[in-house]
Every structure is written in C-alpha cells, then in structure tokens.
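All remarks here apply to the structure that follows.
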There are 2 protein chains.
Amino acid sequence: MAKPDKRDEIVRAALELIAENGFHGAPMAMIADKAGVGAGTIYRYFENKDVLINELYRELEQRLLTVLMDGYSPEKSVRERFIHLGTAVLRYCISNPLDFRYLEQFHNSPYGVVHRRDKISGEADDKDIYRKLFEEGLSRQVIKDLPLVVLFSLAFGPLISVARDHILGFVSLDDDLIVKIIAACWDGLKR
Amino acid sequence: MAKPDKRDEIVRAALELIAENGFHGAPMAMIADKAGVGAGTIYRYFENKDVLINELYRELEQRLLTVLMDGYSPEKSVRERFIHLGTAVLRYCISNPLDFRYLEQFHNSPYGVVHRRDKISGEADDKDIYRKLFEEGLSRQVIKDLPLVVLFSLAFGPLISVARDHILGFVSLDDDLIVKIIAACWDGLKR
DNA sequence: ATTAATGGAATGAACGTTCATTCTTTTTAT
DNA sequence: ATAAAAAGAATGAACGTTCATTCCATTAAT
C-alpha cells in the first residue's frame with residue numbers, strides 16, 4: 001500500500017538534496033534519512049543511484065513540459081508562441097527553484113551530455129515544440145537564418161542564466177522584468 | 001630548476017582530466033599519474049585538492065582576461081567594444097576547449113557560486129570591463145535599461161551555450177557564424 | 001503460514017591525504 | 001677538485017574516511 005508513497009518520499013528527498021548540494025553532496029544514506037526510509041529500501045524502488053537520478057530527471061522534464069503546453073496554441077504567431085514558452089519557462093524556474101537547480105545539475109554533468117546527444121540525434125517527437133517553432137519561424141522568415149541549435153542558445157541561454165541569478169539572489173525577477181527579458185530574447189532571435 | 005616544471009605538469013594534467021571528466025572524475029592519483037609525478041608530490045605544490053582547483057581557475061581566468069584585453073580600446077563605441085569582447089570570448093572558448101570546459105565545471109559548482117557572490121558584492125576592479133562597458137552603455141542609452149546582471153545574461157548566456165554546443169559537436173562554428181551570433185546578441189542588448 | 005517489504009548494519013571499493021623512505025641537489029670540508 | 005654531509009624534493013604504500021550497494025534479521029501483508 002505504501003508503495004508509491006515511499007517512492008515519492010525518496011524522489012522528493014533526492015530532489016531536495018541534489019538540488020541544494022549537487023550529486024556528490026547527496027549520499028544515498030542521506031537521501032534515505034530525509035525520506036524517512038532505510039537505506040536499503042531505496043534499492044527496492046530504484047536499481048541504483050544512476051537510475052534514481054535519471055528517473056527523477058524524466059519526472060521533472062515531464063512536469064515542465066506540462067506547464068509549457070498549458071495555454072500553448074499552435075495557431076498563434078511564432079512571436080507570440082515564443083513569448084508564451086519563454087515566459088512559462090522562466091516563471092516555472094523561479095517558482096520551482098529546486099526543480100531548476102536539479103535540472104541544471106543534471107545538464108552540467110555527464111548524464112546531461114548523454115541525454116542531449118540522444119535528443120539531438122534522435123527524431124523530433126511531438127514533445128519537441130521548440131524545434132517545430134523554430135523551424136516554422138525559419139520557413140516564415142521571421143527569425144534569423146541560423147542553425148537550430150544556435151537559435152536554441154540565443155533563446156534559452158539568457159533565460160537559464162537569468163533564472164540562476166534570480167535563484168542565487170543576484171537579481172530579483174518580477175513580472176515586469178520577466179516580460180522585458182523575454183522581449184529582449186526575441187529581439188535577438190527575430191530577423 | 002625543475003620547480004615550475006612539475007607544478008606546470010600537475011596543473012596541465014588537472015586541467016585536462018577535470019575538463020574532460022569533471023572534478024569527481026579526476027582523482028588526485030590520476031592527476032599525479034598523468035602529470036608523471038608521485039601522488040604525494042602534488043601536495044608539495046598545493047595544500048590540497050581545493051587549492052589546486054582554485055589556483056587553476058585563477059590561472060585560466062587570467063589567461064582569458066589577457067586575450068580579452070588584446071586589441072580592446074575603450075575609445076571605440078559601446079557596440080564595437082561589445083563585439084570585440086564577445087568575439088574574443090567565443091573564439092577563445094572554441095580554440096581552448098579544455099579551458100572552457102574547466103571554467104564551466106567550476107562555475108557550475110559550489111566553488112563557482114562562492115566566487116560569483118564575492119565578485120558581485122565586491123567593488124569593480126579595473127579588470128571588470130564588462131561592468132564598465134554596460135554601465136557606459138546604460139548612461140549613453142544605447143542598451144536596454146535592465147539590471148547589470150540581466151544584461152550580462154543576455155550577452156553571455158547565448159555565447160556560453162553556443163560554445164558548449166560547438167565543443168560537444170552539436171554545431172560547428174566558423175568565423176561567419178560567430179559574427180552572426182554576436183550580432184544577434186547585440187540585437188538583444190541594444191535599445 | 002507464507003511471502004513481500006523494510007531498515008540499517010556490514011561490506012568493499014574508491015578517494016584524499018599523510019609520512020617514512022629514497023633520490024637529487026647543494027653545501028661544506030678536505 | 002673530490003668526497004662527505006646536509007637539505008630539499010619526490011615518492012607511493014598505507015591510512016582513515018566516505019560512499020553505494022548488499023545482506024539479513026525483523027516486521028507487515030495476505
């Protein structure tokens with residue numbers, strides 16, 4: 001009965017510890033402690049630490065995707081859709097700092113590189129809304145003629161950087177500022 | 001006479017291993033091996049691993065700064081100076097992938113956060129050319145009226161992201177593309 | 001009563017660091 | 001100029017610690 005219950009506790013504890021202290025500041029024993037389970041119990045739900053880390057990543061990715069798709073309408077203009085996505089990402093990151101910090105840790109680690117390589121070389125699935133958006137922007141000639149990967153960097157590089165600064169307390173993002181930042185990103189993208 | 005020799009070998013080995021495998025994929029024993037010295041020898045030159053990591057960072061920071069200042073003239077327009085700096089950073093990163101990867105590892109670690117907090121809260125030294133540039137851009141009203149930290153993110157977030165993609169082989173940056181990318185960043189910054 | 005789940009002690013591998021020893025260079029004595 | 005002695009640098013095996021993982025006695029569920 002306690003099955004998904006315990007699993008959830010473990011995942012939550014892992015998220016918190018890893019987000020705050022990094023992968024190496026989050027030993028399994030500590031995760032177990034925080035989750036209120038025995039160390040061995042974790043291994044009933046996750047084969048090993050790597051699996052735990054990856055499954056947690058998938059969960060966060062899914063949550064983020066859900067938020068992004070909420071209110072997203074493919075009928076709107078490329079610009080409007082970009083603003084929707086950018087704003088949603090930024091808002092999500094700053095209101096879920098643990099999620100954001102975890103995703104960052106993941107991306108800046110060997111896990112992340114592997115994941116990214118798989119994603120880029122793989123086919124576009126229907127979850128791949130950025131790619132679709134940029135491709136449409138290119139064919140409509142509303143955004144600069146640059147490789148997709150570069151467009152991605154132009155669009156989201158600043159957002160991630162600014163989200164980190166917000167979470168670390170180097171700047172305080174309010175709604176007004178967020179809007180201005182997304183607009184600036186669009187200026188970088190648009191033709 | 002062999003004094004700086006060994007030290008150099010250790011630093012070089014550390015750079016290579018940490019850049020490629022991260023801090024935790026570069027045990028002291030492995031660094032010693034690659035440097036061609038005994039494990040204990042490292043401790044004659046560096047008090048401990050933390051000190052080694054930090055001293056290496058300072059060295060790389062210094063090298064990068066030298067490159068940035070080369071050909072930089074404070075008389076030129078804000079735009080021209082930005083393009084100079086952006087181009088120099090990007091070129092440096094892609095032609096010194098080990099340095100870039102190391103700096104990234106450092107910034108995305110507790111070391112980096114501490115370092116950044118010190119830097120932001122501290123006074124601007126004369127090495128702080130970005131700050132000066134942006135401040136001048138603000139007062140001349142040629143760049144957007146946003147907090148310094150945000151301007152920094154808008155300007156360098158994309159560059160770092162794109163440099164990583166280049167080094168990981170997701171995109172291939174040639175001179176033409178670099179110019180276009182810096183121009184796009186400027187579009188994001190300019191008023 | 002049998003099976004599955006749990007907790008946490010036990011395990012062994014990996015790590016950073018230390019230190020007794022060896023090797024090399026420099027200094028002193030002849 | 002040569003040899004002996006001292007100082008300094010280098011070494012890597014050994015140590016203590018930390019960690020992921022396993023094992024098994026205990027507990028809960030059926």
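Every chain is numbered from 1, with letters handed out A, B, ... down the list of sequences. Basis for what follows: all heavy atoms, side chains included, without hydrogens, waters or symmetry-related copies.
- In this entry the distance linking NZ of B/Lys34 with P of D/dG12 reads 18 Å, nearest Å.
- With sequence neighbours left out, A/Arg63 forms a side-chain hydrogen bond (donor to acceptor under 3.5 Å, both in side chains) with A/Asp99.
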Validation: residues 50-57 of chain B side-chain donor-acceptor distances under 3.5 Å, sequence neighbours left out:
{"from": "B/Asp50", "atom 1": "OD1", "to": "B/Tyr111", "atom 2": "OH", "distance (Å)": "2.8"}
{"from": "B/Asn54", "atom 1": "ND2", "to": "B/Asp50", "atom 2": "O", "distance (Å)": "2.9"}
{"from": "B/Glu55", "atom 1": "OE1", "to": "B/Arg7", "atom 2": "NH1", "distance (Å)": "2.9"}
{"from": "B/Tyr57", "atom 1": "OH", "to": "B/His107", "atom 2": "NE2", "distance (Å)": "3.0"}

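- Counted by atom type alone, B/Ser77 and B/Glu80 present one or more donor-acceptor pairs between their side chains at under 3.5 Å.
- Residue B/Gly25 is classed as having no contact, given no heavy-atom separation below 4.0 Å to the nucleic acid.
- Considering only residues two or more places apart in sequence or on other chains, A/Lys144 meets the side-chain hydrogen bond (donor to acceptor under 3.5 Å, both in side chains) condition with B/Asp187.
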Identify all side-chain donor-acceptor contacts of residues 20-36 of chain A below 3.5 Å with residues at least two apart in sequence or on another chain.
{"from": "A/Asn21", "atom 1": "ND2", "to": "A/Gly25", "atom 2": "O", "distance (Å)": "3.4"}
{"from": "A/Lys34", "atom 1": "NZ", "to": "A/Glu16", "atom 2": "OE2", "distance (Å)": "3.3"}

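- Taking atom CG of B/Asp5 as the reference point, atom P of C/dT25 lies 12 Å away to the nearest angstrom.
- Rounded to an integer number of Å, the gap from B/Ile42 CD1 to D/dG12 C1' is 12 Å.
- The OH atom of A/Tyr45 sits 9 Å away from the C1' atom of C/dT6 (whole-angstrom rounding).
- Regarding contacts with the backbone of C/dG7, a side-chain N or O of A/Lys6 is found under 4.0 angstrom from either OP1 or OP2.
- Taking atom CD of residue A/Glu9 and atom P of nucleotide C/dA5, one finds them 19 Å apart after rounding to whole Å.
- Atom-to-atom, CD1 of A/Ile31 to C1' of D/dA20 comes out at 10 Å; the value is rounded to the nearest Å.
- For the pair A/Arg44 CZ and C/dA4 P, the interatomic distance rounds to 9 Å; values are reported in whole Å.
- Applying the ring pair (Phe, Tyr, Trp, His ring centres under 6.0 Å) test to residues at least two apart or on different chains, the pairs with a partner in residues 141-191 of chain B are B/Phe82-B/Trp186, B/Tyr130-B/Phe152, B/Tyr130-B/Phe156, B/Phe152-B/Phe156.
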Scan nucleotides 16-18 of chain C against the protein and return all N/O pairs shorter than 3.5 Å with their distances rounded to 0.1 Å.
{"from": "C/dG16", "atom 1": "OP1", "to": "B/Lys49", "atom 2": "NZ", "distance (Å)": "2.4"}
{"from": "C/dG16", "atom 1": "OP2", "to": "B/Met28", "atom 2": "N", "distance (Å)": "2.7"}
{"from": "C/dT17", "atom 1": "OP2", "to": "B/Tyr43", "atom 2": "OH", "distance (Å)": "2.7"}
{"from": "C/dT17", "atom 1": "OP2", "to": "B/Lys49", "atom 2": "N", "distance (Å)": "3.0"}
{"from": "C/dT17", "atom 1": "O5'", "to": "B/Tyr43", "atom 2": "OH", "distance (Å)": "3.4"}

